[in-house]
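Residue numbering restarts at 1 for every chain, and letters A, B, ... go by the order of the sequence lines.
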Protein chains: 2
Amino acid sequence: MTGRTARTQVEKSAETRRRIMEATVRLLQWQGYSRLTTPAIAKEADVSRGALTHHYATKEDVVVAAVEYQLKEAIETTRRYVEQNADKDISVDEIIDYLWRLMADGLFYVTLEWLPEMRHNALFKTRLIPVVQGFHSSLNEIWAIISRRYHADPRQAEVVLNATMCLFRGMVAQTIVRKDTEYFDELLSFWRQLLRQMFANGLGIDISACSTREERS
Amino acid sequence: MTGRTARTQVEKSAETRRRIMEATVRLLQWQGYSRLTTPAIAKEADVSRGALTHHYATKEDVVVAAVEYQLKEAIETTRRYVEQNADKDISVDEIIDYLWRLMADGLFYVTLEWLPEMRHNALFKTRLIPVVQGFHSSLNEIWAIISRRYHADPRQAEVVLNATMCLFRGMVAQTIVRKDTEYFDELLSFWRQLLRQMFANGLGIDISACSTREERS
DNA sequence: TAAAACAAACAGTCTATACTGTTTTTATAT
DNA sequence: ATATAAAAACAGTATAGACTGTTTGTTTTA
C-alpha cells in the first residue's frame, strides 16, 4: 500500500503548488494579468478553489509565487547553460541568440504582465525585487564567459550586457505591435555584428566595418 | 447671456472628452490599467459617470481614445520639434536626449499599461495599430534630419533608430525594477558615444575609441 | 421644440475572501 | 505492527463588494 501512489504530504503539497504556479504562468502568458482570476487559476491547475486558498492566502501571493517560480526556473536554465559552456568555445553570437530566445520565448511577455503591477503595488515590488536581482546575477555569470574569453574589461562588458538586455526587452515589447520577423532579424544581425566587433577589439576600440547589413554564417 | 460662458455644444463636448482623456491617461500612469475603473475616470475628470457613458459607450472606447489622444499629442510635439530644428544644426546627442525624455517622461510607462492588453484583445489592437504606426512615422521624420546631415544611408539610419527606440523601451521598463540614475546615465552615455561615432563615419564604417566610459561635453 | 449633454439610479455579473466540513497523512503510544 | 489523536490538505459554499453597461430622468443648447 505504500509503494505505488503513497506520497508524503510535503510531496503532495509541493506538487499542488507547482501545478498552481505553472497554471498561473500559463494564464499570465495567454490571458494576461488583468484577466487573471483565482477560479481560472484553480481550473487551469485542475485544483479546487479550496486547495488554492489553502496554499495561498491571497491572489497576490499566487502571482508573486508564480513569478518567482518562473524567474528561478530561468535562472536555473541559465546556470546550466553556463556550466555546459564554461570551458567550451562559445561565440558572442551564440550567447546573444541564447539571451534573445530566453526573452522572446515567453519570459518577457509574462514580465510585461506583472511589471506594471510593480509600479503600483509596493509590497508586490518588495517581494519580487530580490528574485529579479538574482535573475540579473545569473545573466552576469553567462556574460562573464564571453568577457574572459575576449579579455575584455568586466566593467565595460557589463555595460554592453545591460545594453543588450535593454535592447531585447524593447524588441520583445515591439513584437506585440509589429509582427515582422525580418525587422527583428535585421536588428539582431545589427547588434550581433556590433558586439562581435566590439569584443574582437577587447571592447571599445576601433570597431570597423560596422554595417547594418549582415548575413549570419 | 451668450458672451461669458456660453459655449457651443460641440465645444462643450470636446472639452468634456478632453478632460476624460487626460484623466484616463493620468490614471493609467498613476494607477495602471488593472486598477482603471469608469467611476475613477469620471471622478478624476470631474465629470459624472453619465457624461462618461454618454461620450464613450464602453470602457474600452475610453481607453482607446485616451491612448490615441496621448500618442497623437506626442506626434504633434515631435513634429514641432522637427520643424524647429529642421534647419538648425542639431546634434546626435540632442536628438537622443529628446527621444529619451519623450519615452522616459511617462509616455512609455503608459504604453506598458496598454501593451499587454493589446496581446489579448484583438479589437483593441486593430484600433490602436494605426496610431502606433503614425507615431513611428513621426519618429522617422525627426531621425531623417540627422540622417541627412551626416549623409548616412537612410536604410541603415532607420535600423539605428529602431535599435535606439528598442533600447530606450527596455531601459524605461527596467527603471521600474531598478531605481539607479547612474546606471541609466551610463547606458545613455554608452549609446550616445556609439551613435556619434557611427554617424561620424557615415554610419557603419570604422568606429574607433568606443569606450563605455564617457562624460558629456 | 427637438436634440444633445448630462445626471443618477439600477440590474446583472463577477470576483476575492472567509468559512465550514471532509479526507488524508503523520506522529505517537502501545 | 497497530490504534489513535492531531494536523495538514483539500473541497465546496456563502457573502460582501465592486464594476460595467443600461435605462430613465433632467437640464441646456440650437
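Looking at heavy atoms from C-beta onward, B/Val64 lies out of side-chain contact with B/Trp114 at the 4.5 angstrom threshold.
For A/Gln29 (side chain) and A/Val110 (main-chain N/O), no donor-acceptor pair under 3.5 Å exists by modelled atom type. Under the 3.5 Å distance criterion, the side-chain polar atoms of B/Trp143 are matched with a main-chain donor or acceptor of B/Ala157.
Residues A/Ala51 and B/Thr38 each lie close to DNA chain D; by heavy-atom proximity, the contact nearer the 5' end of the strand is made by A/Ala51.
One atom, CG of A/Leu36, and another, C1' of C/dC14, lie 14 Å apart when rounded to the nearest Å. Rounded to whole Å, the distance from OH on B/Tyr56 to P on C/dA5 is 12 Å. Between the NZ atom of B/Lys43 and the C1' atom of C/dC6 there is a distance of 20 Å, given to the nearest Å. Put simply, CZ on A/Arg35 is 15 Å from C1' on C/dT15, counting in whole angstrom units. Look at CG on B/Leu52: it is 11 Å from P on C/dC6, rounded to the nearest Å. Across the protein-nucleic acid pair, A/Glu15 atom CD and C/dT25 atom C1' stand 16 Å apart, rounded to whole Å. Computed from coordinates, the A/Leu27 CG to C/dT15 C1' distance equals 15 Å when rounded to whole Å. Going from atom CZ of A/Arg19 over to atom C1' of D/dA9 covers 13 Å, rounded to whole Å.
OP1 or OP2 of C/dA5 has at least one side-chain nitrogen or oxygen of B/Ser13 nearer than 4.0 Å. For C/dA4, neither phosphate oxygen OP1 nor OP2 lies less than 4.0 angstrom from any side-chain nitrogen or oxygen of B/His54. Residue A/Thr16 places none of its side-chain N or O atoms closer than 4.0 Å to OP1 or OP2 of D/dA9. A sub-4.0 Å separation between OP1 or OP2 of C/dC6 and a side-chain N or O of B/His55 is present.
At a cut-off of 3.5 angstrom, the base of C/dT17 holds at least one donor-acceptor pair with the side chain of A/Arg49.
Considering only the side chain of B/Thr37, D/dC19 comes nearest among C/dC6, D/dG12, D/dC19. Side chain of A/Lys59, nearest nucleotide from C/dA8, C/dT17, C/dC6: C/dT17.
No salt bridge links A/Asp185 with A/Arg192; every basic N to acidic carboxylate O contact stays at or beyond 4.0 Å.
Checking each of A/Glu113, A/Arg35, A/Gln31 against B/His120 for a side chain to side chain donor-acceptor pair (under 3.5 Å) leaves exactly one that passes, namely A/Glu113.
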